[in-house]
Visitor: 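Take this structure, written in structure tokens, and hold onto it; I'll ask about it next.
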Amino acid sequence: MENKFQFYNTLTRKVETIVPHEDGKIAMYTCGPTVYHYAHIGNLRSYIMEDILEKSLRYVGYDVKRVMNITDVGHLSSDADTGEDKMLKGAKREHKTVMEIAKFYTDAFFEDCKKLNIKTPDVVEPATNCIPEFIHMVEVLLEKDYAYVAGGNVYFDTSKLEDYYVFSSQSEKELLVGVRDDVEEDENKKNKNDFVLWFTKSKFEDQALKWDSPWGVGYPGWHIECSCISMKHLGEYMDIHCGGVDNIFPHHTNEIAQSESYLGHKWCNYWFHVNHLNDKSGKMSKSKGDFLTVSLLQEKGYDPIVYRMFCLQSHYRKPLEFSYEVLDNVSAAYAKLVKKIADLKADGAVDEAQFAEYKEKFADALSNDLNTSMAITIVYDLLKADMNDATKLALIKDFDYVLSLNLTTAQVAKPEENQSVDAELEQYILAKIEERKEAKKAKDFAKADAIRDELLAKGIVIKDTREGVIWHVQ
Ligand code: AMP
Ligand code: ZN
């Protein structure tokens, strides 16, 4: 199959045209969520962009098989094998069992995905389903002398590899050696970056989930999950592996080390990483506790799809800063866009030549390292183009397979009115709206957000529309 689909490969540090192992087919793997808490909108940025990658590949004609794990054991508080198991932390926080926590947050994750039109991967596999596969891989790594047992745990021996830091340039490698200086050292490790394949001894004797193994009762390390689950469903050769940029080291580096040592050959050719969503205080992270979820955005009156559009308007390789100011602008632009589309009349015949021309432009934007903002611009361009409405509608429906913004199905907002409330409350709300307007004018967005939150705490939801700010009391 002839193709020109290109994206940035973290492994080669270049934008490359994808050449899959099997012509026309792509084996794709995504690191799934650690289900000890709700996904925050940062995690969901990664899943939105991976969804766009999968759908774009399908759009240009590939047959994609996509697999994702659910991390329900083994991911410790630090990615570097120290601290408490995140699942156990979640269970303690909520006085539930680990399995109850896993079920609850797995369901919550897929609900969020549904709201954001993120397609469920073809295979979703919880780590706790695959214990025999993990044990088998660890056995082979021990047999091949890539692993050792120390203090009851099994470790991967990174000194056995010529090039362990596969993702880094020479100067970065020098820096990486000291990367974990702040992490409390595990005396059993022969080398600083060796990592645990199987735990039987940890500081936390209350580890809830444990299984029998040749090395004693214990549980798997986090990295081994993704290697085994991907091989179980995609075989020995994978085309694209995805995750957020924080996964590059140590998680993906360790996945490559153990997978290629186990297989004896190159494993995955293309690595796709999504940069972070940050808030004002830096990277959005679950461990910080106070994070933004899709439900919270909904409570504040936003359609989750507006957040999807927010993500699509910037490039996946750039860090993205979240602000309500920008989200408000996207929300207004989205409302205007779906209104314009709703006004199109589906009469007349589709002009096949124009359809093909725009379809190619759209595919080119996606094939150009997933230029999603350009893909959206093409929607605006075609709305202005000299083209009949039937062709416009057919194209927009076709594009929305990838964009998944409900462009032709979204409810068009009716001109809204403020709810009638008593005069005193109305005066208070109007004063706050005015104060927020001034704060926005002065670019004090923190204050503007704080005013919105202050109103929300009183059950007053405000919404920015083209006609100005409108509000209702919940
Ligand atoms: P976790 O549930 O912590 O295992 O993370 C799930 C996915 O979200 C992984 O691919 C992470 O790399 C990614 N991720 C974590 N934090 C962020 C963030 N702030 N922005 C974008 N992606 C993130
Ligand atoms: Zn993974």
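Residue numbers start at 1 and run along the sequence shown. Counting starts at 1 for both ligands and their atoms, following the listed order. Treat the numbers as computed from the prediction; the structure is a model and nothing was measured.
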Visitor: Which atom name does H251 have for its N/O/S atom nearest to the Zn ion (ligand 2)?
Guide: NE2

Visitor: Any atoms of ligand 1 less than 4.0 Å from a non-hydrogen atom of S46? List them with their elements.
Guide: 13 (C), 21 (C), 22 (N), 23 (C)

Visitor: Centres of the F291 and H37 rings: under 6.0 Å?
Guide: yes

Visitor: Which option out of D246, N43, V245 puts a heavy atom nearest to atom 12 (O) of ligand 1?
Guide: D246

Visitor: When you check the gap from the basic side-chain N to the acidic O, do D122 and R58 get nearer than 4.0 Å?
Guide: yes

Visitor: Does N247 have a heavy atom less than 4.0 Å from any atom of ligand 1?
Guide: yes

Visitor: Ignoring angles and geometry beyond distance, decide whether L277 reaches within less than 3.5 Å of ligand 1 through its nitrogen or oxygen atoms.
Guide: yes

Visitor: Can you sort out the partners of D157 under side-chain contact (heavy atoms from CB on, under 4.5 Å), two or more places apart, ordered by chain and number?
Guide: Y148, S159, K160, K190, N191, D194

Visitor: Identify, with sequence neighbours excluded, every residue that meets side-chain contact (heavy atoms from CB on, under 4.5 Å) alongside S227.
Guide: M137, E255, Q258, S259, W267

Visitor: For P33, take its heavy atoms, then give the atoms of ligand 1 lying under 4.0 Å from any of them.
Guide: 2 (O)

Visitor: Any cation-pi pair here, K25 with Y62, using under 6.0 Å and within 45°?
Guide: no

Visitor: Does the residue H40 have a heavy-atom contact with ligand 1, meaning some pair of atoms that are separated by less than 4.0 Å?
Guide: yes

Visitor: Would you say Y47 and ligand 1 have an N/O pair spaced under 3.5 Å apart?
Guide: no

Visitor: Would one find an N or O of W222, backbone or side chain, under 3.5 Å from an N or O of ligand 1?
Guide: no

Visitor: Quick check, are the ring centers of Y105 and Y36 under 6.0 angstrom apart?
Guide: no

Visitor: Would you kindly check if the NZ (Lys) or CZ (Arg) of R66 is within the cone defined by 45 degrees around the ring axis of Y29 and under 6.0 Å from the six-membered ring centre?
Guide: no

Visitor: To the nearest 10 degrees, how large is the angle at the Zn ion (ligand 2) between C31 SG and C226 SG?
Guide: 130°

Visitor: Geometry only, no angles: is G243 polar-contacting ligand 1 at N/O separations under 3.5 Å?
Guide: no

Visitor: Counting the benzene-type ring for Trp, do W211 and Y219 have ring centres under 6.0 Å apart?
Guide: no

